[in-house]
Amino acid sequence: MAGRADQIKGIVKRCFDTIDKNGDGNLDRAEVFGMMKGVARAMGQADQIPSDQAEIDAGLDPIFQELDENKDGTISFDEVKAAFKKQHVLEAIGSGSDEEFAERFALAEQIAAAFESGDLSTVVGLAMQIN
């Protein structure tokens, strides 16, 4: 299972690094909101994107409250990994037969590649296939 978990962490890290626009190893509120805006546009919900800072903060606050464990105002990859561990995400994705894992991993690989290319429409479409 450790091999599978490491493979999944690699995929998640690729997505994390794509969101981390300034490359400092942490996600700030602007980077997370930028990703959320891109996903909303990809889902055809651009009109749902708030422009009022209070609304933006209201949307970001729960994310940062859950993930920003050290309360420094940013989300590190270690904090993302801790959240995945707490929610048993790696175990869920890494479970099952070799064939089942290979299928989920291939889908995750496609999602990471779409993230890296900026094709958030594909990210949304592929993410909806995860079960």
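These figures come from a predicted structure and were not determined experimentally.
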Side chains of S95 and R104, heavy atoms from C-beta outward: is any pair under 4.5 Å? yes
Going by ring pair (Phe, Tyr, Trp, His ring centres under 6.0 Å), name the pairs with one or both residues in residues 59-85, residues two or more places apart or in two chains. F16-F77
Residues forming a salt bridge (Lys or Arg N to Asp or Glu O under 4.0 Å) with D98, sequence neighbours excluded: R4
For D17, all residues meeting salt bridge (Lys or Arg N to Asp or Glu O under 4.0 Å), sequence neighbours excluded: K13
No-hydrogen, no-angle side-chain donor-acceptor test under 3.5 Å, Q87 and E66: yes
May I ask you to test the I63-I75 pair for a side-chain heavy-atom distance under 4.5 Å? yes
With sequence neighbours left out, write down each residue that passes salt bridge (Lys or Arg N to Asp or Glu O under 4.0 Å) with K81, or none if nothing qualifies. D78
With a 4.5 Å limit on heavy-atom distance, are the side chains of I49 and E55 in contact? no
Determine whether a donor-acceptor pair (N or O, by modelled atom type, separation under 3.5 Å) exists between the side chain of E31 and the backbone of T74. no
Can you give me the closest heavy-atom contact between A112 and C15, atom names plus distance? CA-SG, 3.7 Å
Is there a side chain to side chain contact (heavy atoms under 4.5 Å, CB included) between V39 and V123 once you walk through the steps? CA-CA 8 Å; V39 169; V123 170; 5.7 Å; no
Taking only residues at least two apart or on different chains, which pairs with a member in residues 23-55 satisfy ring pair (Phe, Tyr, Trp, His ring centres under 6.0 Å)? none
Below 4.5 Å, heavy atoms only, C-beta onward: do N22 and D28 meet side chain to side chain? yes
Q48 atom CD, over 12 foreign heavy atoms within 6.0 Å: yes
Test side chain to side chain contact (heavy atoms under 4.5 Å, CB included) applied to R29 and I56, step by step: CA-CA 9 Å; R29 293 174 81 85; I56 294 168; over 6 Å; no
For N70 and D68, which heavy atoms make the closest approach, and how far apart are they? OD1-OD1, 2.9 Å
Please identify each residue that fulfils side chain to side chain donor-acceptor pair (under 3.5 Å) with R14, with sequence neighbours left out. E109, E116
Find out whether I11 and I111 are in side-chain contact, i.e. whether some heavy atom of one side chain is under 4.5 Å from a heavy atom of the other. no
